[in-house]
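Written out below as structure tokens is the structure these notes cover.
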Amino acid sequence: MVFMRPVVLIVDDEPHIRELLAFALGKAGLDTREAADGEAALQLVEISPPDLMVLDINMPRMDGIEVCRRLRARADAGHGDTPILFLSSRDDEIDRVLGIELGADDYVTKPFSPREVVARVAAILRRTRGRPRPPEIAGAITHACLSLDPEGWRARWNGAEAPLTVTEFGILRALADAPTKVFTRDALIDRLYGPGFALTDRTIDSHVRNLRAKFGALGAHDVIETRPGLGYQLGPCTGGGG
């Protein structure tokens with residue numbers, strides 16, 4: 001059996017950043033491709049879709065936000081979803097990057113540590129490529145109107161699919177695996193990325209807002225409950241709360 005190394009497409013108009021990331025990701029056992037702008041990136045995706053894209057926001061010709069929109073439209077058309085790690089020069093772009101319109105899986109603010117980028121890429125790939133699952137949670141997870149398919153990475157409400165990113169699905173699955181447990185934001189970060197991973201509470205909050213908005217569009221307004229001063233818990237999932 002031949003093991004195929006994950007492929008990461010690095011999209012940035014600055015050659016030294018592409019070179020730096022290609023070196024760091026290569027040392028971590030990943031194959032890389034490079035594109036200097038959004039148009040070139042989309043052409044490469046059509047030829048051979050990568051396992052993940054590291055995407056700069058501010059680029060000439062076509063910026064990262066437009067690339068993300070086109071990739072999401074491509075996924076909606078049934079061509080497969082590409083996880084995205086955004087590179088941003090402004091921390092105040094987080095809500096837009098992780099928001100309902102774009103739904104990136106994660107972001108890193110410039111200037112960044114190559115080690116941090118590698119860690120975040122590895123965390124996303126672990127979720128998208130799957131890890132061995134205990135038999136008791138390998139099948140569908142159902143809670144009232146909510147149904148999760150861990151093998152297919154799909155979430156449904158009364159049979160209608162909610163288009164979740166990898167990170168959003170990971171948060172929802174963590175809550176659904178333990179529906180009576182209240183998860184602190186740190187506990188969710190540990191579940192998604194592993195213990196000791198540096199991530200702001202604001203990132204988790206942005207993903208939760210996205211989850212609520214996506215399920216709200218399906219008539220589901222009680223999927224996730226906020227426990228003030230504590231964190232988040234799976235809601236009753238009956239459709240109320242709107």
Side-chain angles (χ1 to χ4, degrees), residues 3-12 17 20-33 49-57 64 68 71 75 80-88 91 93-94 97-99 102-134 137 148 150-155 164-178 183-211 231-232:
F3 174 72
M4 302 297 291
R5 302 206 308 178
V7 176
V8 178
L9 176 58
I10 304 166
V11 188
D12 197 296
I17 289 182
L20 177 67
L21 291 178
F23 177 77
L25 292 167
K27 283 188 63 177
L30 303 172
D31 285 338
T32 60
R33 301 191 192 109
D51 294 289
L52 182 143
M53 182 181 293
V54 177
L55 180 61
D56 185 31
I57 290 182
C68 186
L71 288 176
D81 201 2
T82 302
I84 295 173
L85 172 69
F86 263 123
L87 301 179
S88 171
D91 192 58
E93 289 179 321
I94 175 176
V97 166
L98 299 179
L102 298 178
D105 293 282
D106 205 348
Y107 83 107
V108 175
T109 303
K110 295 179 179 180
F112 54 77
S113 161
R115 181 178 298 179
E116 179 184 9
V117 174
V118 170
R120 292 179 188 269
V121 165
I124 295 172
L125 288 174
R126 281 197 301 270
R127 300 197 298 278
T128 56
R129 293 171 68 86
R131 289 174 286 182
R133 310 191 199 288
I137 63 172
L148 302 181
E151 296 295 331
W153 293 82
R154 296 181 182 277
L164 306 185
T165 67
V166 172
T167 302
E168 290 163 2
F169 185 91
I171 291 172
L172 189 58
R173 179 179 172 177
L175 299 177
D177 278 344
F183 284 82
T184 65
R185 291 165 177 82
D186 286 341
L188 287 172
I189 291 170
D190 289 347
R191 180 71 179 261
L192 292 170
Y193 296 94
F197 199 85
L199 199 69
T200 65
D201 290 352
R202 187 179 170 194
T203 300
I204 294 296
D205 292 342
S206 292
H207 287 304
V208 169
R209 281 196 299 273
N210 298 343
L211 280 162
Y232 296 109

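For the numbers below, each heavy atom of this structure counts, side chains included, while hydrogens, waters and symmetry mates do not. Starting from 1, each residue takes its place in the sequence as its number.
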Show the nearest heavy-atom pair for residues [X] and [Y], with the distance to one decimal.
| X | Y | answer |
| --- | --- | --- |
| P6 | G29 | CD-O, 4.5 Å |
| Y232 | L175 | O-CD2, 3.8 Å |
| F86 | C68 | CZ-CB, 3.8 Å |
| T32 | A22 | OG1-CB, 3.8 Å |
| F112 | V108 | CB-CG1, 3.3 Å |
| V118 | A28 | CG1-CB, 3.7 Å |

Atom [atom1] of [X] and atom [atom2] of [Y]: how far apart are they, to the nearest 0.5 Å?
| X | Y | atom1 | atom2 | value |
| --- | --- | --- | --- | --- |
| D106 | T167 | CG | OG1 | 6.0 Å |
| L188 | T203 | CG | OG1 | 12.0 Å |
| T165 | H207 | OG1 | NE2 | 6.0 Å |
| L148 | L172 | CG | CG | 5.0 Å |
| L85 | R120 | CG | CZ | 7.5 Å |

_Residue pair L71, M53: steps toward the side chain to side chain contact (heavy atoms under 4.5 Å, CB included) verdict_ = CA-CA 10 Å; L71 288 176; M53 182 181 293; 3.7 Å; yes
*Going through the checks in order, is the side chain to side chain contact (heavy atoms under 4.5 Å, CB included) test met by L21 and L87?*
CA-CA 11 Å; L21 291 178; L87 301 179; 4.0 Å; yes
_Steps toward side chain to side chain contact (heavy atoms under 4.5 Å, CB included) verdict (F183, I171)_ = CA-CA 10 Å; F183 284 82; I171 291 172; over 6 Å; no
*Just by modelled atom types, is the V7 backbone N or O under 3.5 Å from a matching donor or acceptor in the D51 side chain?*
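Side chain of D51 to backbone of V7: a pair is present.
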*Test: R173 and D177 ion pair at under 4.0 Å*: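 A salt bridge is present here (some side-chain N lies under 4.0 Å from a carboxylate O).
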*Count the heavy atoms belonging to other residues, nucleotides or ligands that lie under 6.0 Å from CZ of R185, then report whether that count exceeds 12.*
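Buried by this count: over 12 neighbours within 6.0 Å.
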*Got L25 and I10 here, is their nearest side-chain heavy-atom distance under 4.5 Å?*
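Yes, close enough: below the 4.5 Å cut-off.
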*Between L9 and T82, is any pair of side-chain heavy atoms under 4.5 Å apart?*
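They are not in contact (no side-chain heavy atoms under 4.5 Å apart), so the answer is no.
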*Begin with the C-alpha distance, continue with both residues' side-chain angles, and end with the deciding distance and a verdict on side chain to side chain contact (heavy atoms under 4.5 Å, CB included) for W153 and L164.*
CA-CA 9 Å; W153 293 82; L164 306 185; over 6 Å; no
*asked:* Run the salt bridge (charged side-chain N to carboxylate O under 4.0 Å, His left out) test against R33 and tell me which residues pass, sequence neighbours left out.
replied: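 Counting only residues at least two positions away or on another chain, R33 forms no salt bridge (charged side-chain N to carboxylate O under 4.0 Å, His left out).
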